[in-house]
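Before any comments, here is the structure.
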2 protein chains.
Amino acid sequence: MAYLHNEIRNETHLVPGLPVDGEQAWSDFMNSVNTKICRFAQHDVIFYEGDMADRVFEIVEGAVMLYKLLPDGRRQVVEMLGPQALFGIPAHGIYDCAAETLVPTVLRSLRRRDLEEQMDLQQHITRCLLSQMERLHDHAVLLGRKSATERVASFLFRFVANRGGVGCTGPAKGETDEETVRLNMTRQEIADFLGLTIETVSRVFSDMKRRGVICIEKTDQIRINNVCGLCHLTGAH
Amino acid sequence: MAYLHNEIRNETHLVPGLPVDGEQAWSDFMNSVNTKICRFAQHDVIFYEGDMADRVFEIVEGAVMLYKLLPDGRRQVVEMLGPQALFGIPAHGIYDCAAETLVPTVLRSLRRRDLEEQMDLQQHITRCLLSQMERLHDHAVLLGRKSATERVASFLFRFVANRGGVGCTGPAKGETDEETVRLNMTRQEIADFLGLTIETVSRVFSDMKRRGVICIEKTDQIRINNVCGLCHLTGAH
DNA sequence: CGTCGAATTGACTAGGATCAACTAGTGTGG
DNA sequence: CCACACTAGTTGATCCTAGTCAATTCGACG
């Protein structure tokens with residue numbers, strides 16, 4: 001497959017369900033129980049924090065963010081999820097986060113009880129949870145210890161697939177090191193995800209543009225001119 | 001049981017393994033496979049981020065923190081775990097965090113393979129993970145959206161059992177609303193957990209003392225004079 | 001009593017928040 | 001097709017919280 005450096009990548013920043021061994025058993029199970037398919041528009045609310053958690057969701061297509069609110073309205077987005085991810089599995093009987101779509105999204109939901117009765121499929125769930133948890137660990141580092149620029153750079157970097165891993169070898173040989181990404185998030189959502197304000201996010205974007213790191217093609221479509229350079233701004237190296 | 005308001009509570013701030021239905025099956029399993037008991041002193045390192053993850057750990061007794069480092073040395077503590085909690089189950093083959101004891105600790109470890117082969121015990125693991133995840137969500141809110149005072153207040157509040165839940169009714173009738181807690185963490189560890197610096201943590205403690213909210217009996221033993229008042233400082237109400 | 005590391009306190013700085021003004025982009029209706 | 005309104009985003013000026021750097025105090029231990 002050709003390396004399409006102008007392709008707009010769209011899902012790598014999301015926590016996926018891992019493609020795992022349990023996949024087949026999982027889909028058999030999902031077909032055996034009473035599931036519901038629901039369609040949501042962009043920025044629709046799926047449930048609120050504190051709602052009774054009687055259904056568990058799997059993302060068929062689209063993207064969902066989970067967030068929590070403080071009573072004075074401050075919001076913190078804690079997870080961004082993509083296809084195959086599971087959410088709405090609460091440790092107690094109540095959702096501990098609100099869930100909202102980032103793009104038009106298709107979900108499959110099932111009764112929580114059906115899931116709980118099915119013990120031998122827990123491995124699939126476990127892997128999804130572990131994957132989400134590692135992302136949360138990284139996110140805690142971002143929130144607790146990174147500067148505004150590092151946060152935004154890390155955020156943009158999530159959208160680039162196959163880069164920044166342990167043995168990242170830089171851009172594919174002979175290719176320019178650029179990448180265009182579509183964010184599908186408002187500045188407010190980005191700010192709430194990164195623990196910043198709208199204004200700071202905007203200023204960092206402008207600053208990166210001024211320094212030639214990125215081009216803002218549309219407000220939510222950004223060309224990264226030098227992925228490797230951006231990576232160095234993330235604070236991870 | 002009498003309500004001992006001078007008792008030094010010691011574990012409520014840690015993520016526990018939930019006392020669940022799977023408990024019996026879990027302990028049967030742990031007895032059936034080849035486990036190792038290891039003892040660690042306070043502030044011992046159990047493993048480093050990036051180590052090969054071949055063993056999974058259960059806390060028998062004590063407390064463990066998980067943290068990540070940025071290359072320039074900035075550290076972020078992402079979880080604090082207590083008895084029955086599981087850790088060292090990686091989504092990939094490598095530990096994504098370092099683990100260090102907070103107090104002298106006893107661990108039981110088993111080979112990761114033994115755990116993975118045992119599918120029907122995943123429910124116990126799932127519940128541990130879900131419980132840890134909810135804490136991580138709350139922690140993200142703390143790191144992303146709370147002030148220094150709110151962070152420290154939330155931190156202290158973790159040490160107080162049975163308070164701050166949805167239907168918290170205030171102090172037990174007729175009792176003073178105070179509580180003495182032992183932190184078992186250095187200022188540096190607290191700072192890294194809360195995304196602050198040593199100095200800020202120290203200043204907030206001093207300020208709370210000046211305002212009569214707490215008394216610092218020893219550097220790591222603190223009397224909360226008014227639990228309800230502290231709760232209001234957490235930003236959660 | 002002296003030493004050493006941890007904690008506290010003080011003075012100063014800076015990064016990001018706040019508040020306000022302005023601009024661009026989108027949709028509506030005449 | 002353009003005028004207008006409305007929202008999202010950008011930019012600027014100022015403020016303030018928490019960070020930095022340095023000096024001092026505290027506490028544990030030999």
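Here is the naming used below: chain letters follow the sequence lines, and residue numbers restart at 1 for every chain.
In this view, A:Glu150 and B:Arg74 satisfy the salt bridge (charged side-chain N to carboxylate O under 4.0 Å, His left out) rule, not counting sequence neighbours. Residues passing the side-chain hydrogen bond (donor to acceptor under 3.5 Å, both in side chains) test with A:Gln188 are A:Asp192, sequence neighbours excluded.
With salt bridges taken as basic N to acidic carboxylate O contacts below 4.0 Å, one links A:Arg210 and A:Asp207.
At the phosphate of D:dG19, OP1 or OP2 sits under 4.0 Å from a side-chain N or O atom of B:Thr200. Residue B:Thr197 places at least one side-chain N or O under 4.0 Å from the OP1 or OP2 atom of D:dG19. Taking only side-chain nitrogens and oxygens, A:Arg187 comes nearer than 4.0 Å to OP1 or OP2 of D:dT10.
Taking the C1' atoms of five terminal pairs at each end of the helix from C:dC1-D:dG30 to C:dG30-D:dC1, the two resulting helix axes are inclined by 30°, rounded to 10°.
Residues B:Ile214 and B:Ile224 approach most closely at CG2-CA, 4.3 Å, considering heavy atoms. In plain terms, the two heavy atoms of A:Ala191 and A:Ile198 that are nearest each other are CB-N, 3.6 Å.
Of the residues in residues 62-72 of chain A, not one comes within less than 4.0 Å of DNA chain C through any heavy atom. Of the residues in residues 140-152 of chain B, not one places a heavy atom less than 4.0 Å from an atom of DNA chain C.
The footprint of chain B on DNA chain C, defined by a heavy-atom cutoff below 4.0 Å, extends from C:dA7 to C:dA11.
For the residue pair A:His137/B:Gln76, the side-chain donor-acceptor check at 3.5 Å is not satisfied.
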